[in-house]
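Here the structure is laid out as structure tokens; the discussion comes afterwards.
All values reported here derive from a predicted model rather than from experimental measurement. Chain letters run A, B, ... following the sequence lines, proteins first, then strands; residues in each count from 1.
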Amino acid sequence: MLVVLNGEERSCREGWTLADLVAELGLAGRRIAVEINRDIIPRDKYTSYRLQPGDEIEVVHFVGGG
Amino acid sequence: MKDPFVLAGKEYQSRLIVGTGKYKDFAETRRAIEASGAEIVTVAVRRVNITDPGKENLLDYIDPKVYTILPNTAGCYTADEAVRTCRLARAAGIGNLVKLEVIGDERTLFPDIPATLEAAKTLVKEGFIVLPYIQDDPISCKKLEEIGCAAVMPLAAPIGSGLGIRNPYNLRIILEQSRVPVIVDAGVGTASDAAAALEMGCDAVLMNTAIAGAKDPILMAEAMRLGVEAGRKAFLAGRIAKKLYATASSPLEGLLSA
């Protein structure tokens, strides 16, 4: 199944939760924030959010800035 | 001498707020911040690089337990984008403090004032502690204070320009009228600019390029720390009035007679 992750198409296994994707990316436990279809998903909902085909996912973190 | 800088109910010893952009690497960022003595540091919110997501992160070097992290909305050109960025920053779990900037123009990076006011209203309502980057304009500053911003952050000059305080008279009006801290944000070029801001009575100064862009950023960070400290002390000490003619420093009595 295809989702859009940070603007790029990416295939995900059916039935994956957001927590599975975050772990796959090596970002589990990191200071990130996730938005799916413009809604912020709180950290404690990662395991219950089941990814849907076409989900538009944004994963952000902090970088240097002024 | 105890003279804390109080921002949104929290006391800080340093009146210098520094950015984390434009450094050679994270190690240099950390060393510069240490040399600056800053306790509040700004960061930007950006997409994780999905092709290399696990690589080192800024916050591996700048410990959020030690520093107050101040996420910015740099690069946002609308109120909606800025609000969205702040919500994401908060969801990442480093608190409610945000540096709001809604940019109006790419060349000057001057703020879009109506959009800044609009975003500030929404963010204050949502419980954010809002520190807005704004033009050195007393009316905008007044409105932001009325909306409930925790400080106002008028620019000294365009972001990254290093021109120093271009409009000290507007700043004086802003200082006179404000009941929230006034933080000079952007435009500082060197230590004397930082000192000048504090000497005038500004509560703090925020800078990035002036340190990161210096030939020796670590040394400049230290210079800025000293500049801010000197300026603050001079403000508290109360400078002498300016006079057109001389006043002798040595006594006139006991002069040798001709």
Side-chain angles (χ1 to χ4, degrees), chain A, chain B residues 17-26 28-29 33 41-55 57-62 64 69-75 80 84-94 99 101 109 133 159-160 185-186 206-213:
Chain A
M1 131 186 130
L2 287 176
V3 296
V4 180
L5 176 60
N6 285 1
E8 285 177 35
E9 274 203 340
R10 184 186 177 97
S11 65
C12 275
R13 231 167 284 163
E14 299 283 338
W16 258 19
T17 65
L18 175 57
D20 294 324
L21 177 66
V22 167
E24 165 84 3
L25 293 169
L27 294 171
R30 308 286 289 179
R31 228 171 270 274
I32 55 164
V34 181
E35 201 184 56
I36 299 182
N37 306 324
R38 291 283 180 137
D39 288 323
I40 286 173
I41 312 294
R43 201 170 288 266
D44 59 358
K45 297 282 190 294
Y46 287 6
T47 49
S48 56
Y49 187 94
R50 208 161 288 281
L51 298 177
Q52 304 297 317
D55 270 352
E56 293 192 5
I57 308 165
E58 294 286 347
V59 182
V60 301
H61 65 163
F62 297 115
V63 302
Chain B
I17 302 172
V18 296
T20 52
K22 297 184 177 174
Y23 286 100
K24 189 178 68 190
D25 52 34
F26 291 145
E28 186 184 69
T29 313
I33 290 169
V41 301
T42 65
V43 298
V45 178
R46 292 291 180 270
R47 281 173 165 171
V48 171
N49 178 2
I50 293 304
T51 55
D52 189 10
K55 80 172 181 201
N57 180 267
L58 175 66
L59 295 189
D60 298 334
Y61 285 78
I62 312 297
I69 306 295
L70 175 57
N72 70 25
T73 62
D80 281 349
R84 183 184 181 198
T85 302
C86 290
R87 288 174 182 153
L88 280 165
R90 178 157 70 179
I94 42 100
K99 173 182 163 179
E101 44 183 310
L109 297 179
Y133 157 73
I159 294 173
D185 180 9
L206 192 161
M207 64 180 76
N208 190 155
T209 307
I211 297 176

- Item | Nearest-0.5 Å distance that lies between atom CG in L25(A) and atom OG1 in T51(B) | 11.0 Å
- Mind ranking A74(B), G21(B), G19(B) by heavy-atom pairs under 4.5 Å with chain A and telling me who comes out on top? G21(B)
- Taking the side chain as C-beta and beyond, is there a heavy-atom pair between R10(A) and I50(B) under 4.5 Å? yes
- Note on the structure: Correct closest heavy-atom pair for A33(A) and A92(B) would be CB-N, 3.9 Å
- Message: For I41(A), give me all partners under side chain to side chain contact (heavy atoms under 4.5 Å, CB included), at least two apart in sequence or on another chain.
- Response: L18(A), I36(A), K45(A), Y46(A), Y49(A)
- Options K22(B), M207(B), R90(B), R84(B), ranked by heavy-atom pairs under 4.5 Å with chain A, top entry: R84(B)
- Selection from A212(B), A91(B), G93(B), G75(B) maximising heavy-atom pairs under 4.5 Å formed with chain A: A91(B)
- For V45(B) against V60(A), the heavy-atom pair lying closest together: CG1-CG2, 3.7 Å
- Query: Looking at V48(B) and N6(A), what are the two nearest heavy atoms and their distance?
  - Reply: O-ND2, 2.9 Å
- Message: If I compare all heavy atoms of F62(A) with all of L58(B), which pair ends up nearest, and what's the gap?
- Response: O-CB, 4.0 Å
- Note on the structure: Cut-off 4.5 Å, heavy atoms of chain A, and the answer for N72(B) is side chain
- Task: Measure L88(B) against the heavy atoms of chain A and call it side chain, backbone, both or neither at under 4.5 Å.
- Result: both
- Item | Heavy-atom proximity to chain B below 4.5 Å, by part of I40(A) | side chain
- Message: Counting neighbours of CD on E56(A) that are heavy atoms of other residues, nucleotides or ligands and sit closer than 6.0 Å, is the number greater than 12?
- Response: no
- Message: Please determine whether a side-chain nitrogen of the Lys or Arg among R31(A) and D60(B) lies less than 4.0 Å from a carboxylate oxygen of the Asp or Glu.
- Response: no
- Query: Side chain, backbone, both or neither: which part of A186(B) has an atom under 4.5 Å from a heavy atom of chain A?
  - Reply: neither
